[in-house]
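Only one structure is covered here, and it is reproduced in the block below.
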Amino acid sequence: MPHFSLPLRAPLFESPPALLAFLATLLTLILGLARVPRLQRFFHYCPPLIWTYFVPMICSSLGLIPSRSELYTTFIGDIILPVTIVLLLVPTDTRSIARLGPKAVAMMLVGTLGIVVGAAVAYAVVGSLL
């Protein structure tokens, strides 16, 4: 009987097209399982979005997929991520936000500014450690 050690020595899906196909298939399976009526209660408490991050992380830890790939930086980071962010913002109901009043809008803008400035300050403080 063969002995397998984890993580694997070489990832099973190393080339960018194969890795993209694997990740797309994984995402399709997770979203498909979330639509199964018998599993909807499970996915109510553990949403599919969590699984779309968690399962690839486990696959990377097990050595099925590489932890670093040009697919992550070039295709997903430079193309898919900005498009996804724009698509998430498209259905934003700006009229409802404006109806909250100027104080609420100002608080959201101040909060956003705090996050941006906080990230810059945090990077300046610990950036040399990265």
Quiz item: Hey, is the main chain of Met108 close enough, under 3.5 Å, to the side chain of Thr112 for a donor-acceptor pair?
Solution: yes
Answer yes if [X] and [Y] sit in the same cluster of Ile, Leu, Val, Met, Phe, Trp and Tyr residues linked by side chain heavy atoms under 4.5 Å apart, and no otherwise.
X: Leu49; Y: Ile76; result: no
X: Phe13; Y: Leu27; result: no
X: Ile80; Y: Leu19; result: yes

Self-check item: With Tyr72 via ring-ring contact (aromatic ring centres under 6.0 Å, His included) - residues at least two apart
Solution: none
Practice problem: Please name all residues satisfying ring-ring contact (aromatic ring centres under 6.0 Å, His included) with Phe54, sequence neighbours left out, ordered by chain then number. | Solution: Trp51
Starting from [X] and following side-chain heavy-atom contacts under 4.5 Å between hydrophobic residues (I, L, V, M, F, W, Y), which residues can be reached?
X: Ile50; answer: none
X: Val83; answer: Leu87
X: Leu129; answer: Leu113, Val117, Val121, Val125, Val126

Donor-acceptor contacts, no H, no angles, side chain residues 89-100, under 3.5 Å, sequence neighbours left out:
| unit_1 | atom_1 | unit_2 | atom_2 | d |
| --- | --- | --- | --- | --- |
| Thr92 | OG1 | Leu89 | O | 2.8 |
| Asp93 | OD2 | Ser96 | OG | 2.5 |

Pair up each side-chain donor or acceptor in residues 28-45 with any protein partner under 3.5 Å, not counting sequence neighbours, and list the distances.
| unit_1 | atom_1 | unit_2 | atom_2 | d |
| --- | --- | --- | --- | --- |
| Thr28 | OG1 | Ala24 | O | 2.8 |

Exercise. Would you give the length of the straight line joining atom OG1 of Thr52 to atom CG of Leu26, rounded to the nearest 0.5 angstrom?
Key: 9.0 Å
Self-check item: Value rounded to 0.5 Å, distance of CZ in Phe75 from CG in Leu23
Solution: 11.0 Å
Self-check item: Side-chain touch Cys59/Phe22, heavy atoms, less than 4.5 angstrom
Solution: yes
Self-check item: Pairs flagged by side-chain hydrogen bond (donor to acceptor under 3.5 Å, both in side chains) wherever residues 14-25 is involved - sequence neighbours left out
Solution: none
Quiz prompt | Flag if over 12 foreign heavy atoms under 6.0 Å of CE, Met107 | solution = no
Self-check item: Residue pair Gly77 / Leu81: nearest heavy atoms and the distance that separates them
Solution: O-CB, 3.8 Å
Using distance only, find each side-chain donor-acceptor pair of residues 63-71 under 3.5 Å and give its atom names and separation, not counting sequence neighbours.
| unit_1 | atom_1 | unit_2 | atom_2 | d |
| --- | --- | --- | --- | --- |
| Ser69 | OG | Leu71 | N | 3.2 |

